[in-house]
Amino acid sequence: LTAHTVHGRKRGMGPSIAGLLVMAVFFTGLMMMSRTILAGEVVVSRAMTDAAWYSSKRINTDLRITNVNLTPGSECNLTVAVENRGTTSIVDFRHMDVIVQFFGGNNISQRLVYNSNGSPSISGEWARSFPPGSNLFEPGLFNPGETMTINGQLTLLPGADSGSYIDEGGLFSSIDTTLTVSDATVFVEGQDIMIDSEKLKITTINGQQLTVSRAVPPTTAGTHPDETNILVLDDAVVVVGSPNGVTAAATLADLVVPCP
């Protein structure tokens, strides 16, 4: 009887130990799952906080282009005046975007690269400066209420061939303001055109004759041979973007090209 009882007890201990092992595995898995869920919640919480911070920065960022100009020189010199009308300071200029997007001509849109040395040294670069007497508080930062000047350099191709040419039957003199062309349908009133190195503005169109203003600055009037091709000029949009993705844009029309 005693031996039988001990043997029965031994047989009853097997399921008990197995049950304990199952419960241990279960609780271990539950703890690991809880830690994973907790870690995931922390990651999501951080992501939501970062998104809220980023969104706040975007909302409080307001850039405005107040002036833009492109003049020929050893390269095309781009000057853009940008005003910070928001409440966010801009510190990381390496991640600012300065993009010139071209329309209607031969040039390809360009993203300029930031040069921290104060002035662009080659074509395709931009640098920043501030008007004299400004940027006195936290020099080097672009703070709210300040205006920053972007100085860039571009190399531009000539304007696109309009498909029309001078059809005067002789020279088009430097003082003549009525230009006969082979095809006037490719032009519109108010448009700027290039003949050789002279820029002209079309004021009226009558048949195949264009009434033009001569020597649009900074070009000078010249005498042009018959059958000289007439070029149409690029239009462009200058886009300035802050590091957090807020952009400002301005039109740069009828570029004087090529340069250099």
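These values consider heavy atoms only, across backbone and side chains, with no hydrogens, waters or symmetry-generated copies.
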Is it true that the side chains of Ser129 and Asn151 contain a donor and an acceptor less than 3.5 Å apart?
yes
Students should find that the hydrophobic cluster of Val91, defined by side-chain heavy atoms under 4.5 Å apart, otherwise consists of Leu141
What pair of heavy atoms forms the shortest contact from Ile202 to Ile193, and how long is it?
CD1-CG2, 4.0 Å
Under 3.5 Å: donor-acceptor pair, side chain of Gln191, backbone of Val188
yes
Quick one: closest heavy-atom pair of Ile90 and Phe93, and the distance?
O-CZ, 3.6 Å
Using every non-hydrogen atom in the two residues, find where Ser213 and Thr203 come nearest and quote the distance to one decimal.
OG-CG2, 3.6 Å
Could you go step by step and tell me if Thr66 and Arg85 meet the side-chain contact (heavy atoms from CB on, under 4.5 Å) rule?
CA-CA 11 Å; Thr66 57; Arg85 296 186 181 180; 4.3 Å; yes
Measure across Ile205 and Gly207 and return the closest heavy-atom pair with its distance rounded to 0.1 Å.
CG2-O, 3.9 Å
Kindly write out the residues that satisfy side chain to side chain contact (heavy atoms under 4.5 Å, CB included) with Ser109, not counting sequence neighbours, or none if the list is empty.
Gln101
For the pair Met194 and Ile230, evaluate side-chain contact (heavy atoms from CB on, under 4.5 Å) and give the outcome as yes or no after the intermediate values.
CA-CA 6 Å; Met194 288 287 287; Ile230 302 171; over 6 Å; no
Find the distance between CG (Leu156) and CD1 (Ile108) and round it off to the nearest 0.5 Å.
11.5 Å
Walk me through whether Val238 and Thr251 qualify under side-chain contact (heavy atoms from CB on, under 4.5 Å).
CA-CA 6 Å; Val238 178; Thr251 300; over 6 Å; no
Between Ser182 and Ser164, is there a donor-acceptor pair closer than 3.5 Å when you use the side chain of the first and the backbone of the second?
no
I'd like to check the side chain to side chain contact (heavy atoms under 4.5 Å, CB included) partners of Gln208; sequence neighbours left out, ordered by chain and number.
Ala184
Does the side chain of Ile65 come within less than 4.5 Å of Val240's, by heavy atoms?
yes
In short, Gly118 meets Ala127 closest at the heavy-atom pair C-CB, 3.5 Å
Can you give each donor-acceptor pair under 3.5 Å made by side-chain atoms of residues 165-176, sequence neighbours left out, with the distance rounded to 0.1 Å?
from: Glu168; atom 1: OE2; to: Thr180; atom 2: N; distance (Å): 2.6
from: Ser173; atom 1: OG; to: Asp176; atom 2: N; distance (Å): 3.3
from: Asp176; atom 1: OD1; to: Thr178; atom 2: N; distance (Å): 3.0

Quick check against the 3.5 Å criterion: does Glu125 have a side-chain atom that pairs as donor or acceptor with the backbone of Ser121?
yes
Which pair of heavy atoms, one from Leu210 and one from Val181, lies closest together, and at what distance?
CD1-CG1, 3.8 Å
Contacts of type salt bridge (charged side-chain N to carboxylate O under 4.0 Å, His left out), residue Arg128, not counting sequence neighbours
none
Spatial distance of atom CG (Leu78) from atom CG (Leu112) [nearest 0.5 Å]
6.5 Å
Could you grab the distance from atom CG of Asp192 to atom CG of Leu231, nearest 0.5 Å is fine?
12.5 Å
Looking just at side-chain N and O atoms, do Asn143 and Ser89 make a donor-acceptor pair shorter than 3.5 Å?
yes
Tell me, with the steps shown, if Met148 and Ile150 meet side-chain contact (heavy atoms from CB on, under 4.5 Å).
CA-CA 7 Å; Met148 182 177 72; Ile150 291 174; 4.1 Å; yes
Looking at residues at least two apart in the chain, or sitting in another chain, which of them share a side chain to side chain donor-acceptor pair (under 3.5 Å) with Asn117?
Asn115
For Glu198, which residues count as a salt bridge (charged side-chain N to carboxylate O under 4.0 Å, His left out) partner, sequence neighbours excluded?
Arg214
Residues which pass salt bridge (charged side-chain N to carboxylate O under 4.0 Å, His left out) with Asp183, listed by chain and number, not counting sequence neighbours
none
Pairs in or reaching into residues 115-148: which pass ring-ring contact (aromatic ring centres under 6.0 Å, His included), with residues at least two apart or in two chains?
Tyr114-Trp126
Name all pairs fulfilling the salt bridge (Lys or Arg N to Asp or Glu O under 4.0 Å) condition that reach into residues 139-158, sequence neighbours left out, sorted by first residue then second.
none
Salt bridge (Lys or Arg N to Asp or Glu O under 4.0 Å): pairs with one or both residues in residues 90-102, sequence neighbours excluded:
Asp92-Arg94, Asp97-Arg111
I'd like to check Gln209 versus Leu179 (side-chain heavy atoms, cut-off strictly below 4.5 Å). Are they in contact?
no
Going by side chain to side chain contact (heavy atoms under 4.5 Å, CB included), name the residues that satisfy it together with Thr247, two or more places apart in sequence or in a different chain.
Val239
